[in-house]
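None of these values were measured; they are calculated from a predicted model.
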Protein chains: 2
Amino acid sequence: MAVTSQQIADAAGVSRATVDRALKDRGRVRPEVAERIKKIAKEMGYHPNQAARMLALSKQHFKIGVLLSSMQTPFMQEVLKGVRDAKEEVEKKGVIIEIRTTYGKDVHQTIAALDELKQVGVRGIALVPTDDEKVKKKINQLTEEDNISVVTLNADVSKSKRICFVGQDNNKAGRTAAGLMAECLPANSQVCVIGGLELNPAIPSRTNGFIEGLRGIRPDIEIVDSLYVTNENDNKESEKIALKMIEKYPDLGGVYVSPPVVLGVCRAMRKKRVDKKIKLISHDLLQENLKQLEEGTINFLIGQEGYMQGYEPIMILFRLLVEERNPEKEFEYTSIIIKNRFNI
Amino acid sequence: MAVTSQQIADAAGVSRATVDRALKDRGRVRPEVAERIKKIAKEMGYHPNQAARMLALSKQHFKIGVLLSSMQTPFMQEVLKGVRDAKEEVEKKGVIIEIRTTYGKDVHQTIAALDELKQVGVRGIALVPTDDEKVKKKINQLTEEDNISVVTLNADVSKSKRICFVGQDNNKAGRTAAGLMAECLPANSQVCVIGGLELNPAIPSRTNGFIEGLRGIRPDIEIVDSLYVTNENDNKESEKIALKMIEKYPDLGGVYVSPPVVLGVCRAMRKKRVDKKIKLISHDLLQENLKQLEEGTINFLIGQEGYMQGYEPIMILFRLLVEERNPEKEFEYTSIIIKNRFNI
DNA sequence: GTGAAAGCGCTAACAG
DNA sequence: CTGTTAGCGCTTTCAC
């Protein structure tokens with residue numbers, strides 16, 4: 001049987017209430033007594049029984065808010081799964097999770113949703129932010145004025161007062177792609193980079209990581225072109241661009257493509273019958289992308305753990321608010337997953 | 001606020017005790033009443049508060065045993081970390097974890113340890129088994145006679161009555177290695193396979209997966225040789241064998257090596273200055289292996305999630321014994337991790 | 001078959 | 001400053 005607060009109380013010759021106050025530094029205990037209690041608790045290896053704690057605290061109905069954006073994307077659906085599982089897990093312990101979502105990304109909607117979450121009385125918020133000055137201000141205000149802890153997930157807000165960030169190191173993800181490309185290609189190969197518009201700040205970081213990484217380990221490989229697609233959701237356009245690229249660079253060995261436009265590139269490569277010849281590397285483990293991976297048009301996909309990015313922030317806030325345990329790190333980087341056709 | 005058993009009781013016009021008996025099928029309730037209670041509970045969306053449940057059950061002191069072997073290996077240390085974290089997590093909820101370890105692998109020690117765990121009164125056991133007839137018998141006996149649930153981890157015992165297995169699909173891991181090799185090599189390359197003694201049943205599965213996978217997607221690649229090292233822990237021997245291999249096959253493009261002997265192969269390749277030319281793929285994310293990966297001698301490492309293999313079995317047993325939730329699948333395959341030098 | 005009641009370990013409100 | 005007390009929601013005797 002684990003040691004209980006009553007045993008500590010008996011050993012110290014005080015009451016359970018005093019033990020509780022001493023251990024939680026809630027004051028109203030003579031300092032020397034508090035010290036003695038802490039010492040005894042440590043010696044006896046006291047750890048409060050979480051079940052009992054949760055039960056006693058259950059009238060306090062903690063609320064945690066979650067704000068997700070770009071819900072139309074399958075990646076966010078994956079994040080949502082993690083959120084739902086975390087919700088189920090903490091709700092059994094009496095914590096309420098309020099989920100808000102927006103279809104796309106919009107600063108005003110984001111701020112309005114944050115205000116609403118504050119209104120319903122959340123003590124912590126996990127959100128997918130836009131890296132915007134107004135959003136940053138709002139986060140700082142929530143943190144400082146309203147005493148609401150904020151965790152960013154998937155994307156970070158630079159220099160804001162959020163307590164921690166859960167997501168991928170995008171530069172490192174790009175470098176990982178470069179490492180794969182480097183293994184695939186023979187000496188003096190040519191490589192192209194195809195990106196979407198840079199609305200998503202993750203993309204340039206990845207692309208930079210890719211280019212830096214490739215230059216670093218394979219200076220013989222020439223990055224012959226960086227192409228941009230103006231409409232990210234238009235695979236027709238990316239297909240056209242890829243077709244031109246294939247014609248222009250008949251000796252092309254590899255292509256690194258931003259996720260939103262990769263399917264058009266796949267189509268172009270199959271049409272030109274170079275899908276088995278040109279190495280294609282991209283990001284995001286979407287169903288459509290995985291299909292291309294299985295068929296061999298895409299050679300490698302780099303993934304991030306969407307599920308974890310939904311699950312972990314809630315648990316971090318739960319531990320912080322309910323168990324009073326601070327997050328271990330400011331940056332909780334999720335691992336960079338490499339998929340080929342076999343380890344799907 | 002979540003709905004409580006009292007609310008169900010009120011709605012059904014019975015007492016909490018009756019609700020409990022009805023919902024848990026403990027009998028001693030008129031069937032029609034039980035039906036009504038279940039219906040109401042479902043309608044009202046009743047989920048028992050876990051904290052309260054744990055607290056009420058806390059006198060029952062559940063005990064779960066863990067038996068780990070080959071503790072000298074860094075992989076098992078990783079598994080142990082997962083075990084320790086799970087232990088900490090469930091002990092806060094009043095469950096006691098008994099850990100036993102053996103240095104190497106030995107059937108008699110394993111069985112003795114299982115008996116001891118039974119003696120101390122565990123209700124479930126998670127173990128790293130040897131796939132041996134005696135061990136199988138013992139597992140079946142524990143399951144059927146002693147009503148102790150068994151989960152195998154890392155390695156499975158074929159056709160035993162363990163409730164589930166947590167670990168890697170070794171054949172798939174070998175195929176994944178084949179997929180990587182296939183991307184790395186130009187047409188008509190030569191490949192060698194170097195294995196240790198087949199004491200560890202994981203190795204042949206992986207090797208088979210590798211060979212099958214490679215033949216399937218790259219029939220042009222010739223597997224010129226399969227070499228075996230007689231002493232698995234002797235990197236001198238594997239170095240010698242690798243040196244000979246390099247001389248014998250001057251055009252060798254890739255080598256697939258079993259983990260325990262990979263370091264000797266690395267040394268041989270550096271000595272012969274072919275470490276950047278021959279693609280080397282192996283398994284296990286050990287510190288020494290990762291170093292070779294960073295330096296570029298090893299091109300890819302396939303890893304398995306040791307931490308999860310320690311953590312998950314305990315949680316499965318916890319859910320089964322305490323929360324009465326059966327495991328979701330019989331085979332809980334951990335994911336196959338691909339590492340290059342960048343996503344370490 | 002059913003209900004009343006005790007109690008799991010902890011926290012917080014209230015008394016001293 | 002410190003102790004007493006009343007639950008939190010559930011399970012489990014023990015009476016009826």
Side-chain angles (χ1 to χ4, degrees), chain A residues 1-38 40-41 44-62 90-96 321-324, chain B residues 1-38 40-41 44-62 90-96 321-324:
Chain A
M1 207 66 215
V3 25
T4 72
S5 65
Q6 184 62 64
Q7 293 176 41
I8 306 295
D10 292 346
V14 295
S15 74
R16 289 212 317 272
T18 304
V19 169
D20 188 50
R21 283 188 289 255
L23 260 27
K24 293 289 161 53
D25 289 319
R26 298 200 209 288
R28 308 194 306 163
V29 186
R30 243 192 11 253
E32 62 253 46
V33 177
E35 272 320 303
R36 197 157 55 85
I37 290 174
K38 284 184 184 177
I40 292 175
M44 298 179 65
Y46 170 65
H47 291 285
N49 180 314
Q50 288 301 308
R53 180 150 203 275
M54 293 299 88
L55 192 54
L57 286 173
S58 57
K59 43 188 135 178
Q60 283 199 30
H61 74 285
F62 288 95
V90 301
E91 283 192 343
K92 288 189 301 196
K93 301 178 185 173
V95 172
I96 296 165
L321 300 173
V322 183
E323 301 182 348
E324 294 173 354
Chain B
M1 208 64 215
V3 25
T4 72
S5 65
Q6 183 62 65
Q7 292 176 41
I8 307 295
D10 293 346
V14 295
S15 74
R16 290 214 313 271
T18 305
V19 170
D20 190 51
R21 283 189 289 253
L23 260 27
K24 293 288 162 53
D25 290 317
R26 298 200 209 287
R28 305 196 306 161
V29 186
R30 250 197 0 259
E32 61 254 46
V33 176
E35 274 318 305
R36 199 157 55 84
I37 291 175
K38 283 184 184 176
I40 292 174
M44 298 180 64
Y46 171 65
H47 292 285
N49 180 314
Q50 288 302 308
R53 180 150 200 276
M54 292 300 89
L55 191 53
L57 286 173
S58 57
K59 40 188 136 179
Q60 286 200 27
H61 76 284
F62 288 95
V90 300
E91 283 193 344
K92 289 189 301 196
K93 302 179 185 172
V95 172
I96 296 166
L321 300 172
V322 183
E323 301 183 346
E324 294 174 355

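When all heavy atoms of A:E323 and A:R53 are compared, the pair lying nearest together is CA-NH1, 3.7 Å. Residues B:V19 and B:S5 come closest through the heavy atom pair CG2-O, 4.1 Å. The minimum heavy-atom distance linking B:V3 with B:G45 is given by the pair CG1-O, 3.4 Å. When all heavy atoms of A:L321 and A:F62 are compared, the pair lying nearest together is O-CE2, 3.6 Å. In plain terms, the two heavy atoms of B:V29 and B:R21 that are nearest each other are CG2-CB, 3.5 Å.
B:L55 places its CG atom 13 Å from the C1' atom of D:dT12, with the value rounded to the nearest Å. In this entry the distance linking CG of B:D25 with C1' of D:dT11 reads 16 Å, nearest Å. When rounded to the nearest whole Å, the span between CZ of B:R16 and P of C:dA5 equals 12 Å. A:D10 places its CG atom 16 Å from the C1' atom of D:dT2, with the value rounded to the nearest Å. If you measure from atom NZ of B:K59 to atom C1' of D:dC10, you get 10 Å, rounded to the nearest angstrom. The distance from atom CZ of A:R21 to atom P of C:dT11 is 12 Å, rounded to the nearest whole Å. At whole-Å resolution of the value, CD in A:Q6 and P in C:dG7 are 14 Å apart. Here the P atom of nucleotide D:dC10 and the CD atom of B:E323 are 14 Å apart, to the nearest Å.
The closest side-chain heavy-atom distance from B:L55 to A:M54 is not below 4.5 Å.
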Identify every side-chain donor-acceptor pair in residues 8-16 of chain B under 3.5 Å, counting partners at least two apart or on other chains, and give the distances.
residue: B:D10; atom: OD1; partner: B:Q6; partner atom: NE2; Å: 2.9
residue: B:S15; atom: OG; partner: B:A17; partner atom: N; Å: 3.4
residue: B:S15; atom: OG; partner: B:T18; partner atom: N; Å: 3.4
residue: B:S15; atom: OG; partner: B:T18; partner atom: OG1; Å: 3.3
residue: B:R16; atom: NH1; partner: B:Q6; partner atom: OE1; Å: 3.2

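Using a 4.0 Å cut-off, some side-chain N or O of A:S5 falls inside it from OP1 or OP2 of C:dC10. Phosphate proximity of C:dC10 to A:Q50: absent, as no side-chain N or O sits under 4.0 Å from OP1 or OP2. Checking the phosphate oxygens (OP1, OP2) of D:dT2, no side-chain nitrogen or oxygen of A:T18 falls inside 4.0 Å. Phosphate proximity of D:dC8 to A:S58: absent, as no side-chain N or O sits under 4.0 Å from OP1 or OP2.
When each of A:K24 and B:S15 is assigned the nucleotide of DNA chain C bearing its nearest heavy atom, the one mapping closer to the 5' terminus is B:S15. Ranked by how close their nearest DNA chain D nucleotide is to the 5' end, A:G13 and A:M54 are led by A:G13.
When the nucleotides D:dG7, D:dC10, D:dT12 are ranked by their closest atom to the side chain of B:Y46, D:dC10 comes out on top.
Residues of residues 26-35 of chain A that place a heavy atom closer than 4.0 Å to DNA chain D, in numerical order, are A:R28, A:V29, A:R30, A:V33.
Looking at heavy-atom distances under 4.0 Å, B:D20 makes contact with a base.
The side-chain hydrogen bond (donor to acceptor under 3.5 Å, both in side chains) check on A:K93 picks up nothing, with sequence neighbours excluded. With sequence neighbours left out, A:K38 forms a side-chain hydrogen bond (donor to acceptor under 3.5 Å, both in side chains) with A:D25. For A:R30, the side-chain hydrogen bond (donor to acceptor under 3.5 Å, both in side chains) criterion is met by A:E32, not counting sequence neighbours.
Each end of the helix from C:dG1-D:dC16 to C:dG16-D:dC1 gets its own axis from five base pairs, and the two axes differ in direction by 40°, given to 10 degrees.
In this model, no side-chain donor or acceptor of A:R53 finds a partner on the base of C:dT11 within 3.5 Å.
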